[in-house]
Amino acid sequence: KAGVTQTPRYLIKTRGQQVTLSCSPISGHRSVSWYQQTPGQGLQFLFEYFSETQRNKGNFPGRFSGRQFSNSRSEMNVSTLELGDSALYLCASSITGGTSYEQYFGPGTRLTVT
Amino acid sequence: GNSVTQMEGPVTLSEEAFLTINCTYTATGYPSLFWYVQYPGEGLQLLLKATKADDKGSNKGFEATYRKETTSFHLEKGSVQVSDSAVYFCALPYGSSNTGKLIFGQGTTLQVKP
């Protein structure tokens, strides 16, 4: 079974621009979660989508948004980029997202904002 | 919500040494507990998990036991290899509801020298 894939793997953007990252979950997985990883803050939860609905949201500003499609693929968008948005963005999929089910992570998208 | 505290690194060991990485948690109920590993330049990989008290998760020579008395889930390996050099994260679900939000420790960097 193919793992979680994320595109693009690397991205360089300028302050003020917007960016869209894509995540394809493992086949059959309906829950997709997004995390931001930075050296200073570690791994922080952004949001989770399940069956095309946002089920949970972390403490990030409204510039961060996401969506999920009927095939469970998910995208996250960051508008008006700031330097502090430079990070590794990780997507994880799970069968249902329940507390007993492990999440499988993709390789991440490395976003650099200049 | 639940929380997790992980020992700070970096941890530097010689090959074949014994490894312990401490992890303690605060949780409502008895959630599943996870250890993830991140190799340089990659996303997170699930290393092992335990779903109930006294469960022992194991994989690739690593072990961790779910101790409800001490609210701990310490990671151990009897003989580390250079290839084990990575960052290790302890994690648990944020709450008891059926969502995919994981809370991660700050990560412990392990460096194994030949």
Side-chain angles (χ1 to χ4, degrees), chain A residues 3-7 9-10 21 23 25-26 29-51 53-60 66 68 72 74 87-110, chain B residues 1-10 23 25 27-53 55 57-59 64 66 73 86-109:
Chain A
V4 178
T5 58
Q6 292 187 246
T7 56
R9 291 292 311 275
Y10 302 92
L21 312 181
C23 171
I26 292 171
H29 286 194
R30 296 168 62 194
S31 167
V32 173
S33 296
W34 288 89
Y35 295 84
Q36 182 196 64
Q37 185 178 26
T38 60
Q41 299 298 317
L43 281 153
Q44 293 188 287
F45 174 81
L46 281 155
F47 29 64
E48 181 209 4
Y49 286 86
F50 179 79
S51 293
T53 301
Q54 188 181 85
R55 186 159 68 173
N56 213 334
K57 190 177 189 305
N59 296 323
F60 279 81
Q68 186 179 34
S72 294
S74 177
L88 181 66
Y89 290 88
L90 294 163
C91 159
S93 78
S94 176
I95 292 175
T96 66
T99 56
S100 294
Y101 292 99
E102 56 266 37
Q103 296 187 14
Y104 294 87
F105 284 79
T109 294
R110 173 75 61 186
Chain B
N2 300 334
S3 65
V4 59
T5 302
Q6 194 175 330
M7 69 180 278
E8 291 189 22
C23 170
Y25 65 90
T28 302
Y30 301 104
S32 294
L33 302 175
F34 306 94
W35 275 102
Y36 283 85
V37 59
Q38 186 175 35
Y39 297 101
E42 298 184 11
L44 274 67
Q45 297 178 23
L46 177 67
L47 182 58
L48 54 83
K49 74 169 187 177
T51 59
K52 59 183 186 297
D55 243 10
S58 61
N59 186 28
Y66 192 156
F73 192 54
V87 183
Y88 293 81
F89 295 91
C90 185
L92 76 164
Y94 173 75
S96 57
S97 60
N98 192 32
T99 73
K101 180 177 180 179
L102 286 178
I103 300 299
F104 288 88
Q106 63 267 45
T108 302
T109 299

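Worth knowing before you read on, the calculation uses all heavy atoms, side chains too, and leaves out hydrogens, waters and symmetry mates. Residue numbers begin at 1 in each chain, while the letters A, B, ... track the order of the sequences. This is a predicted model, so every value here is computed, not measured.
Interface remark: Gln38(B) contributes side-chain atoms only to the contact with chain A (heavy atom separation under 4.5 Å). Within the 4.5 angstrom heavy-atom criterion, only side-chain atoms of Leu88(A), from C-beta onward, approach chain B. Both the backbone and the side chain of Leu102(B) come within contact range of chain A, each with at least one heavy atom under 4.5 Å from a heavy atom of that chain. The contact between Gln37(A) and chain B is made entirely by side chain atoms (from C-beta outward), counting heavy-atom distances below 4.5 Å. Proximity to chain A is absent for every atom of Gln106(B), based on heavy atoms less than 4.5 angstrom apart. With a threshold of 4.5 angstrom between heavy atoms, Arg9(A) approaches chain B through side-chain atoms but not through N, CA, C or O.
Judged by a 6.0 Å distance limit and a 45° cone about the ring axis, Lys101(B) is positioned over the six-membered ring of Tyr94(B). In this structure, Arg110(A) is not positioned above the aromatic face of Tyr10(A) in the sense of NZ or CZ being under 6.0 Å from the six-membered ring centre and within 45° of the axis.
With hydrogens and angles left out, the side-chain atoms of Ser72(A) and Arg30(A) include no donor and acceptor closer than 3.5 Å. Using modelled atom types, one finds a donor on one side chain and an acceptor on the other under 3.5 Å when comparing Tyr35(A) with Gln103(A). A side-chain donor from one of Gln6(B) and Thr108(B) sits under 3.5 Å from a side-chain acceptor of the other.
Most heavy-atom pairs under 4.5 Å with chain B: of the set Phe47(A), Phe45(A), Tyr104(A), Tyr49(A), this distinction falls to Phe45(A). Heavy-atom pairs under 4.5 Å with chain A were tallied for Leu46(B), Leu92(B), Ile103(B), Leu44(B); the largest tally goes to Leu44(B).
Thr109(B) meets the side-chain contact (heavy atoms from CB on, under 4.5 Å) test with Pro10(B), Val87(B); sequence neighbours excluded.
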